Each structure stands twice: as C-alpha cells, then as structure tokens.
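Letters go in sequence order (proteins before strands), and every chain restarts at 1. Note that the structure is predicted; figures quoted are calculated from it, not measured.
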Amino acid sequence: MSSSDYLAELNEVQRQAVECTQGPVMIIAGAGSGKTRVLTYRIAHLIRGGIDPFNILSLTFTNKAAREMKDRITSIVGNNGKNLWMGTFHSVFAKILRIEAQKIGFPSNFTIYDAEDSKSLLKDIIRELGLDEKIYKPALVYNRISAAKNMLISSQAYSLNERIMSEDKLSAKPRISEVYAKYSNRCFKAAAMDFDDLLFKTNVLLRDHPDMLQKYQEKFRYILVDEYQDTNFSQYVIVKQLAARFENICVVGDDAQSIYSFRGANIQNILNFEKDYPDLKTFKLEQNYRSTQTIVNAANSVIANNKEQLNKKVWTDNVTGEKIRVMRALTDNEEGYQVARSVFDRRMNDQARPSDFAILYRTNAQSRAMEEALRKLNIPYKIYGGLSFYHRKEIKDLLAYFRLAINPHDEEAIKRIINYPVRGIGQTSIEKIILAASDNDVSIWTVIDNLADFKLDINSGTAGKINDFAVMIKNFGRMAESKPAYEAGNSIANASGIARDLYNDKTPEGVSRHENIQELLNALKEFSDEQATEPREPRESQTLESFMQDIALLTDTDKDDKDDNNRVSLMTIHAAKGLEFPYVFIVGLEENLFPSQMALSSREDLEEERRLFYVALTRAEKTATLSYAVSRYKWGNLINCEPSRFISELDEQHIEMPVLPVSQDEETWGVRSPKSFSYKRNQTDTAKKNLPGSTEKTPAPKNLLRLKNNNLSAAPNYNPEDLRDLAAGMQVLHERFGTGTVVSMEGIFPNNKATVQFPSVGQKQLLLRFARLKIV
DNA sequence: GGAGGCCTCGGAAGG
DNA sequence: CGAGGCCTCC
C-alpha cells in the first residue's frame, strides 16, 4: 500500500490525536470510532518524525492486539517498526525483569506461575499451616493476595494493614496474611513469579533502584497505553513512574467500556487522568464508523442510565438500519432454536456468511443450548473460551519438564511430574522432601539434589529413584543449554517417558492427548526454524529457554487457527471486546442473569453490567437482536425468569418487541405462581440430610412423572391433579400449534405409562414445567 | 495407582 | 444437572 498518505484516511479529530505527539494526551475513543487506527498511525507518525522505535513503549490489553498493531505499523514504516516495545503489561515487564532480575534477587530464568500453579501452591501452604481448606479456599485466598499485590501491598504491609486484617477477621479467615507471607517465600525459593508479581516486582524494581527508574525513563520517551480504563493500580503506578521524566504519555480508552473491575481494573484511572497531568490534551473520538444509527442511539440510551461517566456524545452518519428485535422464548432451549432459525433466515435473505454472526452471552453455561440448536440446523459455529490449549493436562505436564530443564527450583513443576510418568516416588516421600525444604529454608530442588545431606527418613530404594530423577533433570538442563529448542524438547518428551506413556494409551482421549503433545512439539519446531532465519543473535534465540520465556503468558487466542474460519462465533461478552460483527445476537437478557444476580446489590456493579450490555450492543454493525426466555434450566431445575431491566432501558423507538404480548401469552398458558414450578428436592432434602447425626437418605420423589425418550411413566404415588395439568397443557399445544400430539394417553395412563410426542424441545419443556415433570 | 462412589458447589476472564 | 475433589477399596 501507499504508506505516505495515512493521514488522509483520518477525520479531523483523529488526525489531531495522531499529530499531537508531545506531552500528556488522553484519547477518549467511543465504540467503533477507529481507535486502533489512531493508535497505529500515531506510532507510525512518531517513527516517521524521527523517533527511534527503541524509545517507544506501547502497552496493549492482549497479545493478539499487540501483534496485529505491530504488523500494521511495520507495513507503514518498514522493518524498523519491529524494534518497538509493544506488548501487554505482563509480557513487556517480564522481559525487563529478566534483564534486571539480579537487582531484585531473582535469577533471569525465573519461572512464571500461571493461576493454576499459584492455587496449587496455596493449597499446599494452607494444608501445611493446618488451616481448613473449606474455609481458606485456595481460589479465594488467591484473589485476596492478587488484589493486595495489585494495590502494591506486600505480605508485610498486608499484616500491618488494619482495614484488610479486620476484613479477614470478619470473614473468619484471619490467617490469610500468614499464607501470603509463606506463599511469597515459596515463590522466591522456587525462583518463580506469579502474574501479579510481574507488575508488583516491576514496581519494586523502579521504586528501590533509582538507576533503574532513570534507565527506563530515558529509554521509554514515548509511552502509549491502550484500554486504559481497564488498568489496575499497579499498572497505573508503573506508567506514572516511567512517564514522569518526559511526560510523553498517551492513554487511549473508553470509560463506557470498562468491564473488568472484578479483577482489579480501576475506572478511576481514566476518570482522574486529568488530575495527574494538568496540561493534558484530550481528544474525543465520537464518530462511530461501525454501527447503524439505530444501534448507536440505542446503546447511548442505555448507557445514559449510568451516573459516572466522562462527557461525550457518540454519533454516526451511517444508515438508520433495522430496529433492534427482541425475541421471547419459552425456555433456554427454545431460545437457542429461535436464534439458530434467525441465523438461518438471515443467511438466506441477506446472503450473509456464518462468520458474519456472533452470539453473545453473559455466562459460558449458556453456550450449550445455542450449540445444540445450531448443530441441528447444520450451521457451522465456533465456541471461544473454555479450556485453553496451554492449560491442558498433558501440555502442562510436558511444559513442566521444560520448565525444570531451565529452572530446576520450580516447585510446582517438580510436584507435577516427579512421579509422572510413574517412577515410584510416592506422596509420603514428597511430603518429607517439602517439609525438609521448609525447615531448612531452601528450595525443594536443593533437597532433592543433595538428598544425603538432609538425612531424611526415606528408604534407600526410593532415595535411589529420587536421585535418578535429579540426574535426569540435570541432564535435561544440559540439553536445553546445548541444543536448539526443538531438538531439546523432543529429547525431553521421549526421555521423560511422557511421549511413550501417551502413545500407549489407545483410548480416544489418549490419542488426542498424544496429538496435542505432537502439536506442541510442532510449535517448537516452527519456533526453531523461524528463529534461525532471524538475523540477530541466532544462537541464543533458538534455545528452549527463549521459547519458554513467555509461554505462561500465552492464551488460546494467540494460537493460529488453521481451521475453516467461516463459522458463527459463540462467546461471552467479555471475550467479544474489541471485535465486531454484522449481525449480533445477545441472548439470555433476563433479570438475575444479565444483569447478573451478584451485581444487583451495588450501584457500581450494576453500572458495570450496563457497560457490559453497551459493549455487547456496540459490537453490531448491521443488526442487533436481543432474546430472553421465560424459563430456564439451572442446575437441573426449571426456574422462572423475568425480562432484563436493560430491555426496558432501551429507547422504545429503536426496538421491536416480540409479536406475542406477554399478557395474552400468560393467559393462554395459564401460568401459575412461580415457586411451584421448580422441583426443589436438592435444597430441602440435602439440607435435612446434612444435619449432624441424621442418617436420612434422600426419599423417593413424589408427584413425579418421568420422561425418558418420550416414554412417560408415573411414580406409584403420582398426584392425579398433575396428570390433568399435563393433559391440559397438551391440549393447548395441540390447539395452538396443531402439531403437539398425544400419541397414546387413552384410559389416562394405562399401567402408569404413556408415549408422547412434542413439536419442539421448547414446547416439551414448557409442558414439563406445567406438570412438574422431571426429565430422567 | 486407578476406578468408582459421594459430596460440594456453582461469575465474567486477561496475563 | 455436572465438573471436580476427595475418599475408599481393590
């Protein structure tokens, strides 16, 4: 492309934001206002203006965003752009911490623990301290420690902080500070950092080493931060420190799209940015290029309900477009069916491609109904989210060996594979080793590698096996150092026994696990080959160590997808941030689901849910369709649902409500009081059974009709009244749809059995609800 | 060490 | 309901 006329592609405000390169700048970028374009052109403009890319730091929200932006910039300014420091906070500062590690007492080959590693370590510590795991749940303790680190509160400061300590006492967990202290110590001994440490230790580095602060202030003369509304305190301080010398700081964000406060993001960072830099220049990108007027205006009408926001007015001169349709379904399954049908019709009428559609939901659990319905209509789809490649067991197992080859002190990696594949080192021996390490304040590896010195009560056979393990790991370490990444990795996979172990497993899961291992090795091979063509320092960059550096920071979206990509996208709204689709369906718009039940107690939480809805709506280019169900399965029980308040917050002129008015429908169907619908065996009986001393088993359910493959059978003590409900419901179905048929109910239930046929899954479930049925 | 029974618990999710 | 953890039993 022609690289010189990029400024011509920008509107007036965008161009000003690009050209204003000196001093503090805040760009408030409304949804669909060309934010990415401004950011990339701004950087390109800096480089063209003679700024060395080495002096530019650009921080993004995801690795994917960084990669795409870097490619774009390189296409404008040439290969020089590759020298940019661009990446997520975590990847950039991990890189710096590896360079400066010795300043804070870490080796540069430190391991990065992912959340799973951290929780597993916390679990061990909680046990070692003799605390009750049911009270000190590892996930909860992890969140608590994470929140503290994000507020730059060390374990010492934590124990001295009266507010935090009294919070912990109040929640009956007064000893979290001890867990925190021990956790930090164990990470240090293992030469490991968790995700939050990457930011926390960067802060320590910059705070305690003025030379370091100065060095990086000088280096990063131009700093850009994307998605600034989602930064936390720790990130805020890093940016503030680094920018303090030159104040060439540019933050880009949209307060209306701040949706990550639950993990520490602080919307105040953007709301108060002006206070930090009084001579700040602010640019507001308010023209939306993505969506129809209807969608932009509807989204505005929703967000207007929020109190706390920066003043801006997003507008568009795109076409008016279709009204936002609201669909109403009987159950979650019928909702899926209706959505799938709409996708099907759109494909026909608009000649749209599957990849033009997105189905967005509040919780991952909602994907199932959508998935089933799409499959029935043969519509290709892809579900985003769920278990990532790098978090699969077999992948983490092999990576644990790689980790040990690079840093044998890595405690979590040792615990993971010291006895996998099985080599006769049992739980008892491992516990003795951990205890010895703890008593002597050394790492587990130090004990393993010098077993004889610690005089453990371990029999000589096991001691020999532990010794063999140590020899193997040291051998792997030498391989990692001397051989290129792929060669070393492949040897380790074989010599460790992992490859063989999985190869011998011929179950479908085993085969798939073996394939995953192969895929990881392929990635390693690609990495080796790719690095070999790079001009700079060919040796160093080809090692297993360099491959492993950021592996903990990768996620599935970073993996190339070689599959056919012409598919309907199914994902949570959080995952959809930054994406856009011509046709968007937002499903499950029910009070207590979206907004989530847990967000109803505070104004702040509710406002964040509303921003989430705003994000969802503004993903749409051509049409947005909302849907809700009047009843939905939750943990096996059918519960009643009310339409979400967000539907009524939409300006009426932009929406088209369902054809069936609610009142008429309820009359036809004769809805009862909500409580009687759900079958509550679980709550009441389990509660009773759990009373101390009670031996009562869950009693056989009463009033229960069972439905299996359309065969209906009744419990012996079945209440005849419910049978009348069933008959009445079937009658209504028949009248209304003409298709619902009772195949055999003569004599009303001969032998307590009947066969029924339902016109659709949704109607079947509505009927079940009528008769208080339970699917078996 | 693996299979199977029992209990518990259930938010969204980047790095 | 169903996933995941834990315990028990072989």
For A:F93 and B:dG15, what is the distance between atoms CZ and P respectively, to the nearest whole Å? 16 Å
Closest to the A:T62 side chain: B:dG14, B:dG11, B:dG10? B:dG14
Looking only at side-chain N and O atoms, does A:T88 come under 4.0 Å of OP1 or OP2 in B:dG14? no
Assess whether atom CD of A:E372 is packed by more than 12 heavy atoms of other residues, nucleotides or ligands within 6.0 Å. yes
Can you check the A:I126 CD1 to C:dC6 P distance for me, whole Å? 12 Å
Candidate nucleotides B:dG15, C:dC6, B:dG10, ranked by approach to the side chain of A:K137 - the nearest: B:dG10
Between the base of C:dG5 and the side chain of A:E133, is there a donor and acceptor pair under 3.5 angstrom? no
Of all the nucleotides listed (B:dA13, C:dG5, B:dG11), which has the minimum atom distance to the side chain of A:M598? B:dG11
Under 4.0 Å between a side-chain N or O of A:N364 and OP1 or OP2 of B:dA13? yes
Whole-Å gap separating P (B:dA12) and CG (A:D230): 17 Å
Sugar-phosphate only, base, or nothing, as touched by A:K577 at under 4.0 Å among non-hydrogen atoms: nothing
Geometric class of the A:Y260/A:F262 ring pair [parallel <30°, tilted 30-60°, perpendicular >60°]: tilted
Could you list the protein-to-nucleotides 1-4 of chain B atom pairs, N/O on both sides, closer than 3.5 Å?
from: B:dG1; atom 1: OP1; to: A:N419; atom 2: ND2; distance (Å): 2.9

Would you kindly check whether a donor in the side chain of A:D196 faces an acceptor in the base of B:dG15, or vice versa, at under 3.5 angstrom? yes
How many whole angstroms separate atom NZ of A:K119 from atom P of C:dG5? 11 Å
If you measure from the C1' atom in B:dG14 to the same atom in C:dA3, how many Å do you get, rounded? 23 Å
Over how many whole Å does the gap from A:L553 atom CG to B:dA13 atom P extend? 19 Å
Nearest-nucleotide pick for A:F61, side chain only, options being B:dG14, B:dG11, C:dC6: B:dG14
Of B:dA12, B:dG15, C:dC6, the nucleotide closest to the side chain of A:H574 is B:dA12
The answer to which of A:K134 and A:E609 contacts DNA chain B further toward the 5' end, by nearest nucleotide, is A:K134
Please verify the inter-ring angle class for A:F646 with A:F613; under 30° counts as parallel, over 60° as perpendicular, anything in between as tilted. parallel
Checking B:dG14, C:dC6, B:dA12 against the side chain of A:R127 (C-beta onward), the nearest is C:dC6
Provide, to the nearest angstrom, the distance between the OH atom belonging to A:Y390 and the C1' atom belonging to B:dA13. 18 Å
Could you give the CG-to-P distance, from A:N232 to B:dA13, as a whole number of Å? 18 Å
Test side chain to side chain donor-acceptor pair (under 3.5 Å) applied to A:S258 - qualifying residues, sequence neighbours left out: none
Checking A:Y183, A:Y113, A:Y142 against A:D194 for side-chain hydrogen bond (donor to acceptor under 3.5 Å, both in side chains), the one that qualifies is A:Y183
Kindly determine whether A:E412 and A:R403 satisfy side chain to side chain contact (heavy atoms under 4.5 Å, CB included), including the steps that lead there. CA-CA 10 Å; A:E412 288 307 305; A:R403 278 160 60 170; 4.0 Å; yes
Sequence neighbours excluded, the answer for side-chain contact (heavy atoms from CB on, under 4.5 Å) partners of A:T572 is A:Y361, A:N364, A:H574, A:A575
Set out, in order, the CA-CA distance, both residues' side-chain angles and the distance that settles side chain to side chain contact (heavy atoms under 4.5 Å, CB included) for A:D501 and A:N504, then state yes or no. CA-CA 5 Å; A:D501 193 64; A:N504 290 337; over 6 Å; no
Reckon A:N63 has a side-chain N or O less than 4.0 Å from the OP1 or OP2 of B:dG15? yes
Taking atom C1' in both B:dG11 and C:dC6, what distance in whole Å separates the two? 25 Å
When rounded to the nearest 0.5 angstrom, what distance separates OG1 in A:T231 from CG in A:N269? 4.0 Å
Looking for any heavy atom pair under 4.0 Å, which part of the strands does A:T363 touch: base, sugar-phosphate only, or nothing? sugar-phosphate
Contact class for A:F262 (heavy atom, under 4.0 Å): base, sugar-phosphate, or nothing? base
